[in-house]
Amino acid sequence: MTLPANFAFSEDQAEAHDRVAEMLRGVGVDIDAGVCAPAGDGKGQAMAVVGKAGSGKTLLLAELTKALTEAGVEIVSGDWEGKRRKDRRTLAILAPTNKAASVLRARGVPATTIHRILYTPVYAPEYEAIAEWLAGQGERPVVADLPPQALDRAHAFYQSQKSIPGALAAAGLRGSDFIAGWKRRDDALDIGFVDESSMLDEKQFEDLQEIFPTLILFGDPAQLAPVGQSGEMVFDRFAAPRRCDLHRVHRQAADNPILDLAHALGDEGLSFETFEQMLKDAAQRDDRVVLAPRVNADLMARSPVLVWRNKTRVRLITAFRTAHGAPEHELIPGEPLICDGIELPLKHRKRRIELEAKGLIKGAQVVYLGAGRKPGFSRLHVFGAEDPRLSVASIIKIEKPEEEEPFIPFAATMGAAFLHGAAVTIHKAQGSQWPEVQVFAPDIWAAARSGRIEAGLPLWKRLAYVAITRAESRLHWVTRYALARPTLALGTDDLAAAPAPLTLEAESDGI
């Protein structure tokens, strides 16, 4: 994230920075002096930095990350950690989903997912030696069947992008070549930054506290709490000085109509009708807000319509597939999917870890590329994953209106489960962003009519806030239950392929 030369923190950002710096000094890392001492055995501690969209949380996270690395703290990713030293201090920047992590990476912050920290890869010995050399922890190795030119390519890649798997891929290797397996982390790390922490449930928070003695959460208190937590987020119980509240950054307030609308929802007296009039006024002034009479089917292929009700989601998906002429009982390349979890028994724990480590965690967004080489397998593109192409045993469920059971065009005995992704609930969209987002207003109106309250706020305002802040550059507020005919055929030409495709097809167990 590149800042202007005249950049200065706002008052509340500066206060949060100083509070975090004080906490870090207490564990031996002085970001003001640019020095760090070996970690001690002090009691674990956590702090929260919270604020609404546009308040500067990501900017503060990026600046703190930069200060820590300048002080000698090493970044730990989910790919490779290197040799342990007693004097080594580390930082991991985490997000709950691959999409959320990729949003941070696009802004220059080297983020990984929580899952990739909970589970670590085990490298084959000869490739571990390459990783150590690339990271400056060993001599250049000689590897059988890998020419010197391949090592040169790996080294050149690593100089521009600090990714061990990416460098090995540049050398012509696949993940299945250099990763021998995965294991649950059994030792603690050091400092952890967690973005989108409003999505954390209690179990995830407890897992992170076991791993990170120093944990700093960055979250938005206006978002939707995880399902099953009664509207409460893990940082809601934090009190000063363990909680820093950021307010809006004036620079953004004056230049972003989407953030203007998001922050307007904080007005207790605002009605749905008044808010929709604000949307109409904004659309007349600025083309970044669009008042749409119908859903844009072309956008649905890569950016799902955001809805509140499941029945709306299913009906929009059915309309999308019908408009594209998709056969009732099979998928066509280019259709979007959402991972709904991994359906494997406990004895296949290693396979589950492999799939999740490659991005197939619950809520991951993928595109169907075609049938795999084996019955029940699908070739997929996983958004936000460093190696986006894979082939995997799939259980794909396409729901239909007024039918309890979905039809299943592809069904391995066990594997990764998927739902269609042309429309998703606002809850599942948390942590993700798209350049353009369509929000289905009739569902927000239905939530307003229901009168439901969540954690002291009308539910419709929380839904609207989360939905519209998923838009990076343009918001489409869809006012009617109608779908415009697509102007583009579904396809996959827009998806960039990985350097080398990864195949997760078991040779003997059919998973």
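Position 1 is the first residue of the sequence; numbering continues from there.
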Salt-bridge test for Arg107 and Glu63: reply yes if a basic N is under 4.0 Å from a carboxylate O, no otherwise.
no

Within this structure, what is the CG-CG distance for the pair Leu331 and Leu369, rounded to the nearest 0.5 Å?
11.5 Å

Would you say the side chain of Thr112 lies within less than 4.5 Å of the side chain of Ile93, judging by non-hydrogen atoms?
no

Check: Leu217 and Val234 side chains under 4.5 Å, non-hydrogen atoms:
yes

Counting only N and O atoms by type, is there a donor-acceptor contact under 3.5 Å from the side chain of Ser197 to the main-chain atoms of Phe218?
yes

Does a side-chain N-to-carboxylate-O contact under 4.0 Å join Lys52 and Asp245?
no

Can a donor-acceptor pair be found, under 3.5 Å and without considering hydrogens, that links the side chain of Asp340 to the backbone of Ala417?
no

What pair of heavy atoms forms the shortest contact from Leu463 to Ala447, and how long is it?
CD1-CB, 3.6 Å

Interatomic distance, CD@Gln277 vs CZ@Phe272, rounded to 0.5 Å, equals 12.0 Å

Has His427 got a side-chain atom pairing as donor or acceptor with Trp308's backbone, closer than 3.5 angstrom?
no

Are the side chain of Arg288 and the backbone N or O of Arg474 linked by a donor-acceptor pair below 3.5 Å?
no

Please list, chain by chain and in numerical order, all residues satisfying ring-ring contact (aromatic ring centres under 6.0 Å, His included) with His420, sequence neighbours excluded.
Phe320

Please lay out, stage by stage, how Ile338 and Val424 fare under the test side-chain contact (heavy atoms from CB on, under 4.5 Å).
CA-CA 8 Å; Ile338 298 288; Val424 302; 3.8 Å; yes

Side chain Gln438, main chain Asn296, donor-acceptor under 3.5 Å:
yes

Rounded to the nearest 0.5 Å, the OG1 atom of Thr322 sits from the CG atom of Leu483 at a distance of 9.0 Å

Side-chain touch Leu306/Val437, heavy atoms, less than 4.5 angstrom:
yes

Phe235: ring-ring contact (aromatic ring centres under 6.0 Å, His included) partners, not counting sequence neighbours:
none

Please check if the side chain of Ser303 supplies one atom and the backbone of Glu436 the other of a donor-acceptor pair under 3.5 Å.
yes

Any salt bridge between Asp207 and Lys203, counting N to O under 4.0 Å?
yes

Does some side-chain heavy atom of Ile444 sit less than 4.5 Å from a side-chain heavy atom of Phe275?
no

For Arg462 versus Pro221, what's the shortest heavy-atom pair and its separation?
NH1-O, 3.2 Å

Quick one: does any side-chain atom of Asp286 pair with a main-chain N or O of Val289 as donor and acceptor, under 3.5 Å?
no

Taking all heavy atoms of Thr318 and all of Lys400, pick out the closest pair and write down the distance.
OG1-CA, 4.3 Å

Heavy-atom check, side chain of Phe418 versus side chain of Leu360, under 4.5 Å:
yes

Under the 3.5 angstrom rule, does the side chain of Arg379 hit a backbone N or O of Ala371 as a donor-acceptor pair?
yes

Answer yes or no: is there a side-chain heavy-atom contact under 4.5 Å between Phe212 and Val194?
no

Can you list the steps and then say if Ile426 with Arg470 is a side-chain contact (heavy atoms from CB on, under 4.5 Å)?
CA-CA 9 Å; Ile426 295 168; Arg470 300 310 91 202; over 6 Å; no

Between the CG atom in Asp260 and the CG atom in Leu279, the distance rounded to the nearest 0.5 Å is 11.5 Å

Between CD1 on residue Ile361 and SG on residue Cys339, distance to nearest 0.5 Å:
8.0 Å

Neighbour count >12 (heavy atoms, 6.0 Å) for atom CD, Glu273
yes

Thr113 and Thr97, any side-chain heavy atoms less than 4.5 Å apart:
no

Could you walk me through whether Ser198 and Asp220 pass side-chain hydrogen bond (donor to acceptor under 3.5 Å, both in side chains), step by step?
CA-CA 6 Å; Ser198 59; Asp220 187 336; over 6 Å; no

Between Arg321 and Glu335, is the closest basic N to carboxylate O distance under 4.0 Å?
yes

Evaluate side-chain contact (heavy atoms from CB on, under 4.5 Å) for Phe238 paired with Val50, printing each intermediate quantity in order.
CA-CA 11 Å; Phe238 287 26; Val50 302; over 6 Å; no

Please confirm whether the backbone N or O of Pro333 pairs with a side-chain atom of Thr492, one donor and one acceptor, at under 3.5 Å?
no

Determine, stepwise, if the pair Ser10 / Gln13 fulfils side-chain hydrogen bond (donor to acceptor under 3.5 Å, both in side chains).
CA-CA 5 Å; Ser10 64; Gln13 284 176 317; 3.2 Å; yes

Spatial distance of atom CG (Leu337) from atom OG (Ser394) [nearest 0.5 Å]
8.5 Å

Pair Gln365, Trp434: side-chain N/O donor-acceptor within cut-off below 3.5 Å
yes

Distance-only, no hydrogens or angles: does the Asp195 side chain make a donor-acceptor pair with backbone N or O of Ala95 under 3.5 Å?
no

Which atoms form the tightest heavy-atom contact between Ala222 and Val466, and what is the distance?
O-CG2, 4.4 Å

Closest heavy-atom contact between Cys244 and Ala16?
CB-CB, 3.9 Å

Which atom pair, heavy atoms only, marks the closest approach of Lys461 to Gly269?
NZ-N, 4.4 Å

With a 4.5 Å cut-off on side-chain heavy atoms, are Leu380 and Val392 touching?
yes

Who are the ring-ring contact (aromatic ring centres under 6.0 Å, His included) partners of Tyr481, not counting sequence neighbours?
Phe440

side-chain contact (heavy atoms from CB on, under 4.5 Å) between Trp477 and Glu276, intermediate numbers included
CA-CA 9 Å; Trp477 187 261; Glu276 197 155 55; 2.7 Å; yes

Flag the pair Asp443 and Arg309 as a salt bridge only when some basic side-chain nitrogen lies within less than 4.0 angstrom of an acidic carboxylate oxygen.
yes

